[in-house]
Amino acid sequence: MTDSVVLDPVDLDILRLLQNDARTTYRDLAAQVGVAPSTCLDRVSRLRRCGVILGHALRVDPAKLGRGLQALLSVQVRPHRRELVGPFVERIRALPEARTVFHLTGPDDYLVHVAVHDMADLQRLVLDAFTSRREVARVETRLIFQQWECGPLLPPGGTPPAHPGDAGP
């Protein structure tokens, strides 16, 4: 498990602002948190070096790319041994349909979020990329009707964001 990083209120403000708009300039970010731009740059660099900031991601709508059907695949692998985990995960990550893969505890070993063109494409994926594998004992498919992104992840001890409709003081 990774060690926590000590973050002061300025670091928390920087993270909050960048999580809401990762394209904010250092000058604007510095002005919003009340530090010099060079100090802001140093702090963001430190947050990257410490592994708090992992990168910036571009979000793409799968439906706009012709992959309007999304599903969660619960996968059971047998035998569930260390030497199978790495290669199995890398095969899944290489699939263009795969969006996210989780290694789990419990009856299922993996949960794979996929985006495909249609039901026939989903069936092809399950049969060709999963159940055809000798180590895959079971795949259970759940269609995703709708999904919502959640708010930014604030470090423990940070002030929770205000939600519309919450009673004020």
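Position 1 is the first residue of the sequence; numbering continues from there. If you're wondering where the values come from, they're calculated on a predicted model, not measured in any experiment.
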**OP:** Could you go through the side-chain contact (heavy atoms from CB on, under 4.5 Å) check for Arg43 and Val10 one step at a time?
**Re:** CA-CA 9 Å; Arg43 283 178 176 258; Val10 173; 3.6 Å; yes

**OP:** Verify whether one side chain among Asp28 and Thr25 offers a donor that lies under 3.5 Å from an acceptor in the other.
**Re:** yes

Subject >> Within one Ile-Leu-Val-Met-Phe-Trp-Tyr cluster: Val89 and Leu72, side-chain cutoff 4.5 Å >> reply: no

Subject >> CA sep, side-chain torsions, deciding dist, call: Glu97, Arg124, side-chain contact (heavy atoms from CB on, under 4.5 Å) >> reply: CA-CA 11 Å; Glu97 299 89 351; Arg124 176 208 48 82; 2.6 Å; yes

Original post:
Which heavy-atom pair separates His56 from Ala22 by the least distance, and what is that distance?
Top reply: ND1-CB, 3.5 Å

**OP:** Please test Val85 against Tyr110 for side-chain contact (heavy atoms from CB on, under 4.5 Å), starting from the C-alpha separation and ending with a verdict.
**Re:** CA-CA 10 Å; Val85 170; Tyr110 298 93; 3.5 Å; yes

Subject >> Exercise: identify the closest heavy-atom pair between Thr24 and Gln32 >> reply: CG2-NE2, 4.1 Å

Original post:
Can you name the salt bridge (Lys or Arg N to Asp or Glu O under 4.0 Å) partners of Arg138, sequence neighbours left out?
Top reply: Asp108, Glu140

Original post:
With the 4.5 Å side-chain cut-off for hydrophobic clustering, are Val139 and Leu143 part of the same group?
Top reply: yes

Original post:
When clusters are formed by joining ILVMFWY residues with side-chain heavy atoms under 4.5 Å apart, either directly or through shared neighbours, do Leu73 and Leu84 land in the same one?
Top reply: yes

Original post:
How far does OG of Ser132 sit from CG of Leu127, to the nearest 0.5 angstrom?
Top reply: 8.0 Å

Original post:
What's the spacing between Glu90 CD and Leu95 CG if we round to 0.5 Å?
Top reply: 11.0 Å

Original post:
Where is the tightest heavy-atom contact between Arg67 and Pro96, given as atom of each residue plus distance?
Top reply: NH1-O, 2.6 Å

**OP:** Only counting residues at least two apart or in another chain, list the ones meeting salt bridge (Lys or Arg N to Asp or Glu O under 4.0 Å) with Asp13.
**Re:** Arg16

Subject >> Derivation and outcome, side-chain contact (heavy atoms from CB on, under 4.5 Å), residues Phe130 and Ile92 >> reply: CA-CA 9 Å; Phe130 290 90; Ile92 300 309; 3.3 Å; yes

Subject >> Shortest non-hydrogen contact between Pro62 and Gln70, atoms and distance >> reply: CG-NE2, 3.9 Å

**OP:** Look at the side chain of Asp11 and the backbone N and O of Asp8, then say whether any donor-acceptor pair between them is shorter than 3.5 Å.
**Re:** yes

